Amino acid sequence: MSYTHNRLLHGVTIDQAEDRMRAALSDAGFGVLTEIDVKATMKKKIDADMDGYRILGACNPKMAYQAIGLEPRVGAMLPCNIILRETDEGTELCAIDPVASMAAIENEALHSVAGTVRDMLVAAVDAA
């Protein structure tokens with residue numbers, strides 16, 4: 001089982017990809033709650049150089065509310081992360097598959113919500 005949905009944006013910079021991903025997430029009802037510039041953090045913390053790598057923590061409030069209502073501890077697995085990763089060909093977008101990440105929780109109703117969120121994230125990645 002794959003744990004991410006991936007798409008390579010050929011010839012697109014990480015800044016351009018981030019703008020496109022944020023717009024697509026917004027169109028799908030998601031907001032970005034967290035932002036991590038992994039490249040900058042690694043440079044600052046351990047003086048390591050790496051290609052651009054960012055993590056956006058996306059949340060659809062209605063879906064999160066529904067999931068928390070079904071499983072109060074599910075917040076430990078939220079928000080849904082989207083990775084933007086520089087490659088030689090462009091920028092790769094990788095969205096977590098909530099179905100895969102929620103597989104350890106035995107709650108069929110939650111799995112249904114996770115499937116809906118997965119479909120929404122796949123659509124956002126594909127639209128970016």
Side-chain angles (χ1 to χ4, degrees):
M1 170 188 281
S2 178
Y3 60 95
T4 59
H5 174 70
N6 311 309
R7 178 172 178 224
L8 180 62
L9 302 178
H10 293 277
V12 175
T13 69
I14 196 167
D15 290 331
Q16 293 167 330
E18 183 173 341
D19 289 345
R20 289 169 58 169
M21 191 68 245
R22 284 177 179 271
L25 286 167
S26 179
D27 289 347
F30 289 87
V32 175
L33 299 178
T34 59
E35 307 168 27
I36 304 168
D37 185 334
V38 177
K39 177 182 177 177
T41 300
M42 294 301 171
K43 185 64 176 175
K44 180 179 178 183
K45 298 292 185 181
I46 61 173
D47 197 30
D49 293 315
M50 62 182 290
D51 291 335
Y53 194 105
R54 299 176 188 168
I55 303 171
L56 303 178
C59 180
N60 179 295
K62 290 179 183 176
M63 300 308 292
Y65 182 79
Q66 188 175 355
I68 291 167
L70 293 168
E71 192 68 43
R73 293 186 194 104
V74 77
M77 297 177 159
L78 302 177
C80 296
N81 286 330
I82 312 287
I83 295 168
L84 298 97
R85 186 176 71 86
E86 285 181 329
T87 71
D88 291 337
E89 295 85 28
T91 302
E92 182 180 41
L93 306 175
C94 304
I96 186 66
D97 179 348
V99 173
S101 65
M102 304 287 169
I105 301 172
E106 295 181 16
N107 183 325
E108 288 304 315
L110 179 66
H111 294 178
S112 176
V113 171
T116 299
V117 174
R118 175 184 53 199
D119 294 345
M120 294 166 72
L121 287 172
V122 165
V125 167
D126 290 349

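On a predicted model such as this, the values are computed, not experimentally measured, just so you know.
Side-chain N or O atoms of R7 include none that pairs as donor or acceptor with a backbone N or O of V122 at under 3.5 Å. Without hydrogens or angle criteria, S2 side chain to T4 main chain gives a donor-acceptor distance under 3.5 Å.
The minimum heavy-atom distance between A128 and L9, with the atom names listed, is O-CD2, 3.9 Å. Heavy atoms only, all atoms of each residue included: P79 and A58 are closest at CB-O, 3.1 Å. Contact record, C80 with L121: CB-CD1, 3.8 Å, taken as the closest heavy-atom pair. The two residues I96 and P98 have their closest heavy-atom pair at O-CD, 3.2 Å. Contact record, A67 with V113: CB-CG1, 4.3 Å, taken as the closest heavy-atom pair.
With sequence neighbours left out, the side-chain hydrogen bond (donor to acceptor under 3.5 Å, both in side chains) criterion links D19 to no other residue. By the salt bridge (charged side-chain N to carboxylate O under 4.0 Å, His left out) test, E35 pairs with R22, sequence neighbours left out. Considering only residues two or more places apart in sequence or on other chains, D27 meets the side-chain hydrogen bond (donor to acceptor under 3.5 Å, both in side chains) condition with none of them. Residues satisfying the side-chain contact (heavy atoms from CB on, under 4.5 Å) test with T116, not counting sequence neighbours, are M63, M120. Residues passing the side-chain hydrogen bond (donor to acceptor under 3.5 Å, both in side chains) test with S101: none are found, sequence neighbours excluded. For D126, the side-chain hydrogen bond (donor to acceptor under 3.5 Å, both in side chains) partners are H5, not counting sequence neighbours. A127 meets the side-chain contact (heavy atoms from CB on, under 4.5 Å) test with A24; sequence neighbours excluded.
Sorted by first and then second residue, the salt bridge (charged side-chain N to carboxylate O under 4.0 Å, His left out) pairs with a member in residues 73-89 read R85-E92; sequence neighbours excluded.
When hydrophobic side chains of Ile, Leu, Val, Met, Phe, Trp and Tyr are connected at separations under 4.5 Å, Y65 ends up as a singleton with no cluster partners. Cluster partners of L110, using a side-chain heavy-atom cutoff of under 4.5 Å among ILVMFWY residues and allowing indirect links, are I68, V74, M77, L78, M102, I105. Other cluster members for L33: none, since no ILVMFWY side-chain heavy atom sits under 4.5 Å from it.
M21 is connected to I14 through a chain of hydrophobic side-chain contacts under 4.5 Å among Ile, Leu, Val, Met, Phe, Trp and Tyr, so both are in one cluster. Linking Ile, Leu, Val, Met, Phe, Trp and Tyr residues whenever their side-chain heavy atoms come within less than 4.5 Å places L84 and V125 in a single cluster.
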Under 3.5 Å, which donor-acceptor pairs do the side chains of residues 47-55 form with other protein atoms, sequence neighbours left out?
| residue | atom | partner | partner atom | Å |
| --- | --- | --- | --- | --- |
| D47 | OD1 | K43 | NZ | 2.9 |
| D49 | OD1 | K43 | NZ | 3.0 |
| R54 | NH1 | D15 | OD1 | 2.9 |
| R54 | NH1 | E18 | OE1 | 2.6 |
| R54 | NH2 | D15 | OD1 | 2.7 |

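One finds the CZ atom of F30 at 5.0 Å from the CG atom of N60 (value rounded to the nearest 0.5 Å). Taking OG1 from T13 and CZ from R20, the interatomic distance works out to 9.5 Å, rounded to the nearest 0.5 Å. Residue L25 holds its CG atom at 5.0 Å from CD1 of I82, rounded to the nearest 0.5 Å. In this structure, L56 CG and N81 CG are separated by 8.5 Å, a value rounded to the nearest 0.5 Å.
Residues L8 and T87 meet the side-chain proximity criterion, which asks for heavy atoms closer than 4.5 Å.
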